[in-house]
Amino acid sequence: MPTPDAGRRAHLRQAATHVLFDNWTGAATVPSRALYPHQWSWDSAFIAIGLRHIAPRRAQRELETLLGAQWGDGRIPHIAFNPSVPLGAYFPSPDFWRSSTAGRNAGAPSTTQTSGIVQPPVHALAAWQVHLADPAESRRRGFLPRVYPRLAAWHRYLSTSRDLAGGSLAAVVHPWEPGLDNSPCWDEALARVEPAPRQSFRRADLDHSSAADRPTDLDYARYVRLATTYRDHAYDDARTPHAFAIEDPSFNALLIASEHALAAIARAVGADAGAHLRRAETATAALIDRLWDPAGGIFLARDLVTGEPIAGHSVSGLVPLIVPGLPQDIASALVGTAHGPRFRLGQVHLVPSYDLTAKKFDANRYWRGPSWFNTAWLIHHGLVRHGEAGAAGRLRAQFLTAAYRSGFAEYLEPYTGEGRGIRRFSWTAALALDLLHACDEGDSAR
Ligand code: 2M8
């Protein structure tokens, strides 16, 4: 698939800009006005990465608004709620999480209402890129000196309170935390969780999307139970009996890549970069030691309750391609796996979220098979990092064409490329802007 020409790119840029501006609420961007009417953590990081090309100051603001919802223990909550949105518009709503009371000891803010769980740490990566887009404006506003201590506290939280196994990797304690909500990789761990009574909650997601695409009611009942248990233990990581505790490859790869970005930010603000680089090095060694599966040529999540690797092959296991300094043999194996029968890079649309050859693969249901734009963007960067310019270029062209054709869909059916989920989805538009910029840079380098 050829890269769209300059005329189509201008059109695409305009359409993507409209999506982001329409989804801007004055201080941050919602992923989608209908389905996700609040600020989501990793969405905002991806959104800032795109926004920086069209409105660098707004991109700074996006991240600063999110950081304003940070807890005293360093965690960045996965949702910062907009108080003007009715409670029934999204579930679980602020009255479920009760952050300002249940989270008081963990330092939850008293004014902003948030969830109590987290999402992947893409923020330092985003902050550094946002700075680089307009360094003069960033310096004028003191952007980096303001965000650095908050980002450092965030990484400290993940590397200490969330290092549940003491193995130098961060654990996720809810399937919503790695962002790949209902990946088949979580099935076994989730099956151990006693579902919350079905009548104890009302899903709002089904008001906006088809039940066949979304997680099942049983999954939701288990998500609710896990979140309730965490809340009822005051969101205290040491005291909560975590029935679900997993070391996820992409969560940790993003932490490592962000730790490198934090080192660059530290250098820019005159702080010590060494500690960040050392942490990145230790976590990279742990990622390989604890999660690399040489036989499968992919990283596997580890279930900390059983102590065993989780056998399913998910796109999460390919994301460590973005880790700076990943040994060449591992990077080559990952590229091979991406092109192999399980993910068929270049032959299907983008990168399927789950192994195409597995029984549990589902081409339509949420993170159980469909291709997502944010993971494709990450794999694209991994391919560029490891000198796979041809494959990266093809993936970029596919991404841009699909983003446009699908009306900036939330995700795609990998075989047909048809859009699924919500349309005018913010990170799809934002990351399209970022890849358009990469195309323009390629043009000017020619
Ligand atoms: C999806 O997750 C939310 C819960 O956080 C949901 O299903 O309601 C996931 O795709 C997640 O990765 C994403 O951040 C969020 C908002 O786009 O939606």
Side-chain angles (χ1 to χ4, degrees), residues 42 45-46 49 120-129 131-132 148 151-152 154-156 158-160 162-163 165 167-171 178 247-269 271-302 309 314-339 345 351 374-392 395 434 438:
W42 78 327
F46 290 125
I49 287 170
V122 192
H123 315 88
L125 211 58
W128 181 239
Q129 295 195 7
H131 163 76
L132 292 179
Y148 174 70
L151 293 169
W154 166 223
H155 285 202
R156 232 178 355 258
L158 292 174
S159 321
T160 54
R162 285 307 187 89
D163 182 2
S168 300
L169 293 182
E247 288 172 347
D248 171 57
S250 81
F251 191 100
N252 281 285
L254 286 163
L255 180 54
I256 295 167
S258 271
E259 200 69 62
H260 281 276
L262 202 53
I265 297 176
R267 241 177 261 120
V269 302
D272 173 27
H276 300 300
L277 292 175
R278 280 191 295 279
R279 206 177 296 149
E281 206 177 303
T282 308
T284 305
L287 183 78
I288 296 169
D289 183 42
R290 294 175 67 76
L291 308 187
W292 175 239
D293 176 38
I298 193 162
F299 286 86
L300 298 179
R302 180 179 289 270
S314 125
V315 66
S316 170
L318 299 177
V319 170
L321 255 190
I322 62 164
V323 167
L326 193 70
Q328 195 48 51
D329 57 328
I330 294 187
S332 305
L334 285 174
V335 172
T337 304
H339 285 97
L345 181 65
V351 189
N374 63 335
T375 48
W377 181 86
L378 290 167
I379 304 289
H380 169 267
H381 280 281
L383 292 168
V384 171
R385 177 174 292 286
H386 294 287
E388 299 285 337
L395 183 56
D434 192 55

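All values derive from a computational prediction rather than experimental measurement.
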Nearest heavy-atom pair of [X] and [Y]: which atoms, and what distance?
X: Ala257; Y: Leu125; answer: O-CD1, 3.6 Å
X: Pro309; Y: Leu300; answer: CB-CD1, 4.3 Å
X: Arg385; Y: Leu321; answer: CD-O, 3.8 Å
X: Ser316; Y: Ser250; answer: OG-N, 3.0 Å
X: Asp248; Y: Pro178; answer: OD2-CB, 3.6 Å
X: Ala280; Y: Ile256; answer: O-CG2, 4.0 Å

N/O donor-acceptor pairs under 3.5 Å from side chains in residues 285-293, not counting sequence neighbours:
| unit_1 | atom_1 | unit_2 | atom_2 | d |
| --- | --- | --- | --- | --- |
| Arg290 | NE | Glu247 | OE1 | 2.9 |
| Arg290 | NE | Glu247 | OE2 | 3.4 |
| Arg290 | NH2 | Glu247 | OE1 | 3.2 |
| Arg290 | NH2 | Glu247 | OE2 | 3.3 |
| Asp293 | OD2 | Gly296 | N | 3.1 |

> What do the steps show when you test Phe299 against Leu334 for side chain to side chain contact (heavy atoms under 4.5 Å, CB included), and what is the final call?
Replying inline: CA-CA 9 Å; Phe299 286 86; Leu334 285 174; 3.9 Å; yes
Q.
Evaluate Leu383 against Leu345 for side chain to side chain contact (heavy atoms under 4.5 Å, CB included), listing each step before the verdict.
A. CA-CA 11 Å; Leu383 292 168; Leu345 181 65; 4.0 Å; yes
Output yes when a side-chain donor or acceptor of Asn252 lies under 3.5 Å from a complementary backbone atom of Ala170, and no otherwise. yes
Any side-chain to backbone donor/acceptor pair from Asp434 onto Ala438? Under 3.5 Å, distance only.
no
Pair Tyr148 and His131, ring centroids less than 6.0 Å apart: no
Please confirm whether the ring centroid of Trp377 lies under 6.0 Å from the ring centroid of His380.
no
### Query
With side chains defined as the heavy atoms from C-beta onward, is the minimum distance between Ile322 and Leu254 less than 4.5 Å?
yes
**Message:** Any heavy-atom pair between the side chains of Glu388 and Ile379 that's under 4.5 Å?
**Reply:** no
Given the rule in the side chain to side chain contact (heavy atoms under 4.5 Å, CB included) test, do Leu326 and His386 qualify, once you have shown the distances and angles that lead to the verdict?
CA-CA 9 Å; Leu326 193 70; His386 294 287; 4.2 Å; yes
One should read off an interatomic distance between Ser168 OG and Glu281 CD, to the nearest 0.5 angstrom, of 12.0 Å
One should read off an interatomic distance between Thr282 OG1 and Glu259 CD, to the nearest 0.5 angstrom, of 9.5 Å
So Val122 and Asn374, side chain to side chain contact (heavy atoms under 4.5 Å, CB included) or not? Walk me through it. CA-CA 11 Å; Val122 192; Asn374 63 335; over 6 Å; no
Sequence neighbours excluded, the answer for side chain to side chain contact (heavy atoms under 4.5 Å, CB included) partners of Ala124 is Leu151, His155, Ser258, Ala261, Leu262
